[in-house]
Amino acid sequence: MSAPKETRPMRLKALCLAIASLLLASASLATPARAQIEIDVNKGDVQPLPIAVPAFGGTRGADISQVITGNLERSGLFAPINPAAFIEKGLDVAVQPRFPDWKAINAQALVNGQVTVEGGRLRVDFRLWDVYSEQQLLGLQFTSTPENWRRVAHKISDAVYERLTGEKGYFDTRIVFVSETGGRLNRTKTLAIMDQDGANPSYLTDGSYIVMSPRFSATSQEITYMTLRPEGSAIYLFNLETARRESIGKFPGMVYAPRFSPDGGRVAFSVERGGNSDIYVMNLKSRTSARLTSDPGIDTSASFSPDGTKIVFNSDRGGSPQLYIMNSDGSGVRRISYGSGRYTTPVWSPVGDFIAFTKQTGGEFHIGVMRPDGSDERLLTTSYLDESPTWAPNGRVLMFSRETQGGPPRLWTVDVTGRILRAAPYPGSGSDPAWSPLLN
Amino acid sequence: MSFSTKHALRLALVTTAALSMAACASRPKPGPGVGPGPGPGYPSQPGPGPSTGNVVPGSIQDFVINIGDRVYFDFDRYDIRSDASPVLDAQAQWLVRYPSVAVRIEGNADERGTREYNLALGARRANSVREYLVSRGVSPARISTVSFGKERPIDPGTSEEAYQRNRNGHTAITGGAR
């Protein structure tokens with residue numbers, strides 16, 4: 001099967017990241033305690049940390065700094081300082097910065113670096129400094145092929161984010177989504193992929209049929225999605241490195257809503273037959289399927305817990321769509337959502353602490369989160385139509401799609417506290433985003 | 001359905017028919033039975049519009065214009081409404097009269113729901129239409145179903161009337177018509 005001409009194999013070659021920890025200031029790194037500057041990502045009312053990211057020296061140095069600045073700014077946790085205010089110029093990674101110059105512009109953290117090209121390889125050395133304690137917090141070196149400079153910038157962003165927040169970063173990741181073009185009556189839906197910052201967008205289908213529900217495997221090299229044609233629907237697996245595409249097989253009715261298990265070995269999905277939708281799971285090695293639900297309600301949008309032992313899904317078996325959890329063999333079903341409104345598209349956080357969902361109340365839609373036992377429900381967003389939440393791999397940021405009344409869908413992000421809400425850096429119209437795990 | 005709703009709905013139908021014809025003029029013609037097509041007309045009330053004079057009996061045009069190829073549903077419901085029964089009765093009679101015709105029932109939902117749930121809801125609607133036609137004597141082997149969820153609206157609006165238009169079951173002829 002597959003139509004190779006419409007695919008463009010992704011260039012995701014091994015980005016050989018020789019992470020040499022230089023540990024110049026081993027004292028500050030050896031102690032597990034964080035530096036004086038730190039950010040609590042779970043406290044949404046935190047003041048963004050003023051950070052200075054002067055242009056790195058060498059080829060692509062300014063571009064790399066710009067990508068890092070953009071990443072940190074969009075997280076909402078950092079306030080990059082305008083380079084026009086910088087006093088010290090031409091920093092050298094081998095020399096301590098002049099801290100008073102950075103204190104004078106209220107920078108609390110400073111990231112500087114140097115790019116060198118050696119034997120066709122790009123080497124980037126960078127330092128993260130705590131300006132007030134005058135300590136080096138990080139000193140790392142990344143090497144890669146020159147065309148992968150953006151990924152190096154994302155890796156550095158992740159290192160800085162992790163060092164200052166204590167949480168894993170999420171910048172060296174990609175988003176697979178449905179690009180939408182055309183009017184409301186003749187919309188073209190194309191499977192697309194881009195870096196999380198909107199760079200390097202490319203298309204994986206030709207737009208001649210509807211695509212929906214793309215999802216990443218935890219290995220990140222494979223996605224699953226569904227296609228919808230007048231003749232019916234199908235679920236595909238698509239390897240991003242080899243561009244190999246295959247259907248998971250024929251079923252008696254419609255198949256939709258595919259989701260990988262965390263180990264990538266199974267796919268949960270819905271099968272519709274005679275108007276009734278139930279959840280099935282397929283073992284991708286043996287290609288055998290098991291039916292997990294069998295009641296007359298709509299059971300769909302299954303999502304595995306990070307340990308793979310449970311599945312959250314939505315069902316209208318109780319009269320209106322609500323969230324339910326079951327064991328991954330279909331046993332032990334129990335309802336977890338009890339608020340007023342309609343709950344759909346549950347997505348288990350990759351770190352396990354929350355389940356995100358779409359909630360419809362009256363004339364509005366919300367992205368919300370609750371604990372896996374249904375407690376602590378919080379609505380993070382409100383609009384005419386918000387839906388399709390997907391978690392960043394650190395479980396602290398969600399991307400979703402938003403439609404204003406009569407407008408095209410756009411991608412947005414919100415942090416888990418609901419206070420940092422942003423349009424995602426993708427200029428076009430898109431829906432159904434899915435966030436990759438961190439790339440290797 | 002109250003008189004005023006019905007009236008508003010009919011106005012919406014006319015508007016949409018005009019819109020979809022305009023859309024057809026500017027892009028490749030969709031294949032038979034695919035896409036929204038012209039708005040439905042009730043068999044007893046053909047209303048203004050294309051003359052039925054030169055419509056070939058047993059053709060797709062005959063079905064769409066003289067029978068009506070779409071029935072409507074209430075929000076989050078999939079039971080056949082009383083105003084849909086006469087249309088489906090006429091569809092069944094027509095299909096019994098032209099036994100070589102095969103149809104695909106396409107279930108559609110409005111945008112006030114999430115994508116996957118709406119796919120499931122559209123499938124329920126398509127199945128309701130299918131079961132109704134089968135109960136009126138149409139062989140199940142002639143009927144396939146698909147759900148487009150909210151992916152194929154026929155009305156671009158965001159009013160309650162537009163939502164109502166987009167909650168439908170569309171009977172598309174896939175083969176065997178004259």
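Chain identifiers are assigned alphabetically (A, B, ...) following the order of the sequence lines, protein sequences preceding nucleic acid strands; residue numbering begins at 1 within each chain. Heavy-atom basis, side chains included; hydrogens, waters and symmetry copies ignored.
Of the atoms belonging to S144(B), not a single heavy atom falls under 4.5 Å from chain A. Looking at F148(B), both its backbone and its side chain come within 4.5 Å of chain A, counting heavy atoms on both sides. Using a 4.5 Å cut-off between heavy atoms, R342(A) contacts chain B through its side chain alone, with no backbone atom that close. For I298(A), the parts sitting under 4.5 Å from any heavy atom of chain B are the backbone and the side chain alike. Residue Q405(A) touches chain B through both its backbone and its side chain, counting heavy-atom pairs closer than 4.5 Å. Using a 4.5 Å cut-off between heavy atoms, D316(A) touches chain B through its side chain atoms alone. Both the backbone and the side chain of S301(A) come within less than 4.5 Å of a heavy atom of chain B. For chain B, the nearby part of F365(A) is the side chain; its heavy atoms alone come within less than 4.5 Å.
Between the side chains of D432(A) and S388(A), at least one donor N or O sits under 3.5 Å from an acceptor N or O. Side chain to side chain, T344(A) and N314(A) fail the donor-acceptor criterion of an N or O pair below 3.5 Å. Under 3.5 Å, the side chains of N166(B) and N168(B) contain no donor-acceptor pair of N or O atoms. Judged by distance alone, the side chains of T358(A) and E387(A) never bring a donor and an acceptor atom under 3.5 Å apart. Between the side chains of H170(B) and D69(B), at least one donor N or O lies within less than 3.5 Å of an accepting N or O.
A cation-pi arrangement is present between R335(A) and Y338(A) under the rule of less than 6.0 angstrom and at most 45 degrees off the ring axis.
When atom types are taken as modelled, the side chain of K189(A) and the backbone of S431(A) share no donor-acceptor pair closer than 3.5 angstrom.
Close approach to chain A, defined as a heavy atom under 4.5 Å from one of its heavy atoms, is seen in R124(B), N127(B) of residues 124-143 of chain B, taken by number.
Inter-residue side-chain proximity for S85(B) and I80(B) is flagged as met; some heavy-atom pair is nearer than 4.5 Å.
Ring to ring, F251(A) and F269(A) are close: their centroids are under 6.0 angstrom apart.
In this pair, F354(A) and W391(A) present their aromatic rings parallel. The plane angle is below 30°, not in the 30 to 60° band.
Looking only at heavy-atom pairs under 4.5 Å with chain B, the residue among L228(A), T345(A), D386(A), T300(A) that has the most is L228(A). Of the listed residues (G107(B), G122(B), G157(B), G113(B)), the greatest number of heavy-atom pairs within a distance under 4.5 Å of chain A belongs to G113(B).
Under the 4.0 Å criterion applied to side-chain N and carboxylate O atoms, D110(B) and K150(B) are not assigned as salt-bridge partners.
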